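Worksheet: the structure to be examined is printed underneath.
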Protein chains: 2
Amino acid sequence: MALVNQPRPAGQHTVRRHNSALVLGAVVESPGMSRAGVAARTGLAKATVSSLVDRLVAAGLLAETGPQARSGRGRRGTGLSLSPSGPHGLGVEIGVDYLATCLVDLTGEVHALRIRPGDNRAASVARVLARVTRAVRTAFADAQRRGVPVGGVGVAVPGLVEAATGLLRVAPNLGWRDVDVRAEVRRRLGLGDLPVLVGNEADFAALAELWCGGHPDLRDFLHVSGEIGIGAGLVVDGTLFRGVRGFGGEIGHVCVDPVGPECACGARGCLERLAGQEWILRAAGVWDGVGPLRPPAALLDELVDRLTAEDGRALRAVRGAGRSLGIGVSAVLNAVDVPTVVLGGSYARLERWLRPSLQNELDRRVVSAAWSRVEVLGATLGTEAAVRGAAGAVLHEIIIDPDPYVSTVLPG
Amino acid sequence: MALVNQPRPAGQHTVRRHNSALVLGAVVESPGMSRAGVAARTGLAKATVSSLVDRLVAAGLLAETGPQARSGRGRRGTGLSLSPSGPHGLGVEIGVDYLATCLVDLTGEVHALRIRPGDNRAASVARVLARVTRAVRTAFADAQRRGVPVGGVGVAVPGLVEAATGLLRVAPNLGWRDVDVRAEVRRRLGLGDLPVLVGNEADFAALAELWCGGHPDLRDFLHVSGEIGIGAGLVVDGTLFRGVRGFGGEIGHVCVDPVGPECACGARGCLERLAGQEWILRAAGVWDGVGPLRPPAALLDELVDRLTAEDGRALRAVRGAGRSLGIGVSAVLNAVDVPTVVLGGSYARLERWLRPSLQNELDRRVVSAAWSRVEVLGATLGTEAAVRGAAGAVLHEIIIDPDPYVSTVLPG
DNA sequence: GTTCTAAGTTCAGTGCCCGAACGATTAGCC
DNA sequence: GGCTAATCGTTCGGGCACTGAACTTAGAAC
């Protein structure tokens with residue numbers, strides 16, 4: 001919660017703010033709970049919970065779902081859950097060859113997902129931002145048509161974003177440098193006070209897996225996504241750990257083999273060169289390495305086909321990538337201690353074949369694996385993970401600390 | 001602050017607790033400040049500050065240092081600072097070949113530092129713990145003689161400690177496994193409710209550098225200490241980042257060269273084998289690599305002598321170590337984004353000679369270095385860093401959240 | 001229909017922060 | 001020396017948020 005690491009004085013309003021989040025959090029964890037249940041769970045008095053719930057209902061965050069179906073005697077509680085007509089998160093993803101937008105409601109449901117293909121590498125920054133503006137306008141219209149408010153805009157970009165400012169420092173695959181995406185989006189759309197979050201695509205994908213993924217109770221993990229580069233999102237205690245300035249997760253250039261092939265970064269044997277999508281496809285013989293890269297999805301399909309058919313070359317290639325990945329990831333795990341690795345991006349589809357050699361390296365190299373094995377999981381969300389995460393991040397901010405949003409909705 | 005990540009209901013007492021920490025924190029950052037100054041700085045009302053300060057003074061945490069010497073008219077404020085007779089932290093370090101204890105007061109001053117040589121590798125766990133017990137008893141007596149209370153005990157151990165439980169999972173150089181150091185110390189000393197913290201030696205050393213080191217405004221860094229192994233302590237935003245369970249910082253086995261020499265861990269080319277103390281001393285020709293290792297301090301002296309004399313072999317050895325360190329550390333920095341590296345342990349003395357090759361690798365390999373160079377600093381505390389950190393950690397807990405301590409001292 | 005149990009609301013009580021007013025202390029100036 | 005202005009620290013009434021207990025509402029069991 002924001003109110004504590006910031007050295008701000010606390011007053012009664014702070015208490016209410018904290019407890020609002022507490023109540024909301026209880027409902028998030030156990031949807032359908034009654035006011036009395038929330039009181040029991042949080043330790044707050046019933047009177048307090050009633051007062052807070054009323055406020056959250058008035059703001060459109062919570063909704064009463066009618067009397068609970070419960071056996072035993074006594075009055076039935078009125079169920080509470082996150083309101084599907086409450087604020088929606090508007091997510092945008094600026095991909096290398098597409099632009100995606102979507103709306104996500106408080107229950108995690110995705111609406112109005114739109115994906116617009118188009119090479120963003122070839123166009124100028126201004127041109128791409130104009131596209132983004134149009135896409136976001138359309139998404140706002142979607143929200144209006146559905147009659148729901150937009151709680152904020154989340155923008156996923158394939159590059160390094162400075163956490164404090166929202167400044168995109170560099171996006172290699174887009175050819176961008178020092179673009180103030182947050183300010184540009186704000187200015188072009190005239191969003192007023194609406195929150196605009198800008199973050200790394202891999203980080204948002206990790207968060208999506210945390211919030212909407214298929215692994216319950218997953219709170220601590222390293223989400224490794226193999227795309228053109230290799231990005232990692234570190235989630236600790238249900239929170240993304242971005243490092244000091246937000247440039248963390250760049251594991252693509254961990255040294256895996258000092259005498260390996262040269263990398264664009266100048267070093268040799270970087271993880272990206274030995275376990276990146278491109279290398280796997282080449283080593284598997286799926287792609288000849290010359291000419292423009294065909295749509296990666298198609299190539300990946302072919303690779304999966306060959307793996308399923310137990311093609312020796314493909315199997316060897318993926319096994320090798322798993323080994324390299326194991327060496328690189330174990331370095332990170334030893335440094336930051338996370339018990340789980342989630343394979344995302346294109347790795348998700350290769351999980352079955354990557355896992356053996358990856359797990360083997362992790363078992364050997366991670367110090368704590370001796371008494372607590374590193375768990376390797378496949379991501380459950382597909383390519384939409386990043387947009388969903390971007391939209392979800394907006395909602396997460398509201399759920400973690402609902403008072404600012406409530407204040408904008410309610411008078412006073 | 002503890003009260004927030006834990007989903008506990010907040011009440012008026014929570015506000016007071018938070019603001020107590022706020023006031024204390026303001027005085028820590030600007031010793032000698034007056035009540036009015038604290039009010040201005042924190043944003044609290046003067047009345048509130050007065051009330052809180054009175055409480056903290058009564059508990060012995062703050063002390064009035066008399067009227068401020070200040071020019072200009074108006075009544076002079078009464079200076080406030082951390083009380084040197086307030087609670088002291090009692091630090092213990094269980095080293096491989098020594099046992100150290102000390103007392104640290106709230107101002108960071110070290111008292112009653114005692115170092116007892118003795119091989120803890122040869123003795124049984126119970127025997128070593130008995131030694132620890134005696135040493136701590138003596139330190140308690142030191143405190144009593146000085147007439148100051150002990151706020152808690154911090155224990156530094158050369159191994160992996162599970163954060164949640166204080167369980168020492170493994171200490172390779174001590175030959176320990178699964179020792180509940182916290183419970184043992186509690187039981188043997190009958191400490192009642194007194195806080196007992198157990199942590200990794202490298203982590204505590206990093207914290208000592210943060211709290212008492214010679215680099216002001218150092219809040220985010222990776223503290224790398226070269227001893228028998230290579231340990232790292234990651235400090236982000238003035239807080240140690242231990243990872244989920246506390247096993248972070250094990251960078252000794254990052255892969256630096258897959259075709260390098262074999263390591264005890266089974267892998268090849270681990271950082272520890274290429275930049276560890278032992279390897280440097282051997283490559284420099286200071287140690288022949290056979291027979292029992294002489295006291296490392298003496299060997300290190302010799303190495304520094306040769307480096308000062310510009311001995312080619314020694315220079316090459318250290319340069320190589322710096323390069324390896326750079327490869328390993330850059331992997332960590334890319335993953336977690338920290339702008340500064342502090343060279344501690346035996347590396348501190350070699351900083352001058354390690355730095356060029358280390359910095360060179362970091363410049364090349366750390367992605368964010370392109371627009372923000374990684375800073376390399378030498379640690380300013382010597383071998384006592386870990387004990388001081390252990391003692392300091394106890395005090396840090398009190399300063400971060402003084403209310404629990406205040407409650408034990410004051411009635412009500 | 002009565003009784004029992006649980007949910008949710010109302011209300012007086014308490015703790016804490018805040019702003020304003022007030023007493024205390026010091027420098028500058030006539 | 002006495003007056004003024006500025007600053008520090010304390011005192012006091014007011015308001016806000018949580019609490020516990022009493023009360024109302026609602027449903028099930030007998």
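These numbers come from a predicted model, not from an experiment. Every chain is numbered from 1 and lettered A, B, ... according to where its sequence line falls, protein lines coming before strand lines.
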* Would you call B:Glu109 and B:Arg388 a salt bridge, using N to O less than 4.0 angstrom? -> no
* Identify, between A:Leu52 and A:Pro67, the residue whose nearest nucleotide on DNA chain D lies closer to the 5' end. => A:Leu52
* Asked: Are A:Asp403 and A:Arg55 within salt-bridge range, i.e. N to O under 4.0 Å?
  -> yes
* Could you tell me the separation between the CG atom of B:Asp54 and the P atom of C:dC16, rounded to a whole number of Å? => 14 Å
* Output yes when at least one side-chain N/O atom of A:Thr78 is less than 4.0 Å from OP1 or OP2 of C:dG8, else no. => yes
* To the side chain of B:Arg76, which of C:dC17, D:dT19, C:dA27 is closest? -> C:dA27
* When the distance from CG of B:Leu22 to P of C:dC16 is rounded to whole Å, what number comes out? -> 16 Å
* From C:dT9, D:dG9, C:dC16, nucleotide with atom closest to A:Arg35 side chain -> C:dT9
* Would one find a side-chain N or O of B:Ser50 under 4.0 angstrom from OP1 or OP2 of D:dG9? -> no
* Whether B:His111 and B:His88 hold their rings parallel, tilted or perpendicular, with breakpoints at 30° and 60° -> tilted
* Asked: Any donor-acceptor pair under 3.5 Å between the side chain of B:Gln12 and the base of C:dC16?
  -> no
* Closest to the B:Arg73 side chain, choosing from D:dG27, C:dC16, D:dT4 -> D:dT4
* Starting from the 5' end of DNA chain D, give me the residue, B:Gly37 or A:Ser20, whose nearest nucleotide shows up first. => B:Gly37
* side-chain hydrogen bond (donor to acceptor under 3.5 Å, both in side chains) between A:Thr78 and A:Gln68: does it pass, once the steps are laid out? -> CA-CA 6 Å; A:Thr78 45; A:Gln68 291 178 316; over 6 Å; no
* More 5' along DNA chain C: A:Gly74 or A:Ala36, using each one's nearest nucleotide? -> A:Gly74
* Quickly work out the B:His18 NE2 to D:dC18 P distance and round it to whole Å. => 16 Å
* Asked: Any idea which of C:dG8, C:dC17, C:dT10 is nearest the A:Ala47 side chain?
  -> C:dT10
* To do: Would you indicate which nucleotide in C:dC17, D:dT10, C:dG8 comes nearest to any side-chain atom of B:Asn19?
  => C:dC17
* To do: Counting heavy atoms from C-beta on, name the nucleotide in D:dC18, D:dG9, C:dT9 closest to the side chain of A:Lys46.
  => C:dT9
* Round to a whole Å and report the spacing from CD of A:Gln68 to C1' of C:dA7. => 9 Å
* Asked: Rounded to whole angstroms, how far apart are CZ on B:Arg16 and P on D:dC18?
  -> 18 Å
* Asked: How long is the line joining CZ of B:Arg55 and C1' of C:dC16, in whole Å?
  -> 12 Å
* Asked: Ion pair present between B:Arg182 and B:Glu162, side-chain N to carboxylate O less than 4.0 angstrom?
  -> no
* May I ask you to evaluate whether B:Thr48 reaches the phosphate of C:dC16, defined as a side-chain N or O under 4.0 Å from OP1 or OP2? => no
* Residue A:Arg75, side-chain heavy atoms: nucleotide from C:dT26, C:dA7, C:dC16 that is nearest -> C:dA7
